[in-house]
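Atoms within each ligand, like the ligands themselves, are counted from 1 in listed order. Owing to the predicted nature of the structure, the values given are computational and were not obtained by experimental measurement. Numbers for residues simply follow the sequence, beginning at 1.
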Amino acid sequence: MNLRRRQEVVKVEKAIIGGTGVYEIGKSSQQKIKTEYGSVIVDIVKTSNGTEIAFLARHGKGHSTPPHLINYRANMKALKNLGVKYIYATGAVGSCNENFAPGDVVILKDFMDFTKTRPLTFYEGSETGVAHVAMDAPYCRNLREKFLNSAQKTGLEIKGDAVYVCTEGPRFETASEIKMYKMLGADVVGMTNVPEVVLAKELGMCYQTLGIITNWCTGIKGAVIDHDITDIVEKNKQLITETFMLALTGE
Ligand code: HPA
């Protein structure tokens, strides 16, 4: 693995963000990208037809950063600086919808934000200005269609569309919290899609997340989450990555 020197900086239009359990997608070189929020290292993976794809491990390699401390602004700005326009992401989620079981894969269609302490925007007044980005379609419909078509070819089963609740973490939810989210219309619960999806929108990048269901949420079917949730990601990570590649590069 070599770190590309500054004069070799490439422009890459397509990216994959790997969530819990997805820390690399193939043989790659690495690039360090500076932003006003901090530096970020991304992998640059070359496909067999020569297309370069950026890969970013959201939690860092080997899951070193917890969800509430991820530098989401640095991550998203780094991809923007690299020239990225299209992003697929994975996110480990718990399910509070009986139709979506552990091991299933869902495509996110909307979100509810229950985070508490994270920087949420690039627009903080002064030089950065004030802006209110539209959230009628937080996830990219185009990327969604491309992914569904590709999934038919790779054989990846998508269980359905899901409304995602983002909690602050790093603790799991109480049974009463899950009961409330379910009553509000949530299907799945995770800790990382906000503000990532919002920042992508603010930067004008098309963004779509696939939820990998790792567990029943607390209290659903009597669930207590006291096991490692990463194991279950292993099961479909390869097929999801292949499907992302097909959707992004046509191969
Ligand atoms: N809750 C919040 N985040 C999660 C869960 C959950 O049950 N499973 C995986 N990420």
Residue and atom name of the nearest protein heavy atom (relative to [atom]), distance in Å to one decimal:
| atom | value |
| --- | --- |
| atom 4 (C) of ligand 1 | Val189 O, 3.5 Å |
| atom 8 (N) of ligand 1 | Asn215 OD1, 2.7 Å |
| atom 2 (C) of ligand 1 | Glu173 OE2, 3.1 Å |
| atom 5 (C) of ligand 1 | Gly94 N, 3.4 Å |

Just jot down the ligand 1 atoms closer than 4.0 angstrom to any heavy atom of [X], in number order.
| X | answer |
| --- | --- |
| Ala92 | 9 (C), 10 (N) |
| Thr214 | 8 (N), 9 (C) |
| Ile225 | 7 (O) |

Q. Does a donor on one side chain and an acceptor on the other come within less than 3.5 Å for Thr218 and Glu173?
A.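 There is no such pair (donor and acceptor under 3.5 Å, judged by atom type) between the side chains of Thr218 and Glu173.
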Q) Is it the case that more than 12 heavy atoms not belonging to Lys146 sit under 6.0 Å from its NZ atom? A)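 At most 12 heavy atoms, drawn from other residues, nucleotides or ligands, come within 6.0 Å of this atom.
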Q. In the hydrophobic clustering (ILVMFWY, side-chain contacts below 4.5 Å, transitive), which residues join Met183, or is it alone?
A.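 Its cluster partners, ordered by chain and number, are none at all.
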Q) Apart from Met112 itself, what residues make up its hydrophobic cluster, given side-chain heavy atom links below 4.5 Å? A)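 Answer for Met112: Phe114, Val163, Val165, Ile178, Met180, Tyr181, Leu184, Val189, Trp216, Ile220.
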Q | Between Tyr37 and Phe122, ring centroids under 6.0 Å | A | yes
Q: Kindly work out whether a path of hydrophobic side-chain contacts (I/L/V/M/F/W/Y, heavy atoms less than 4.5 Å apart) joins Ile25 to Leu56.
A: no
Q) Side chain, backbone, both or neither: which part of Thr218 comes within less than 4.0 Å of ligand 1 when only heavy atoms are counted? A)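 No part of Thr218 comes within reach of ligand 1.
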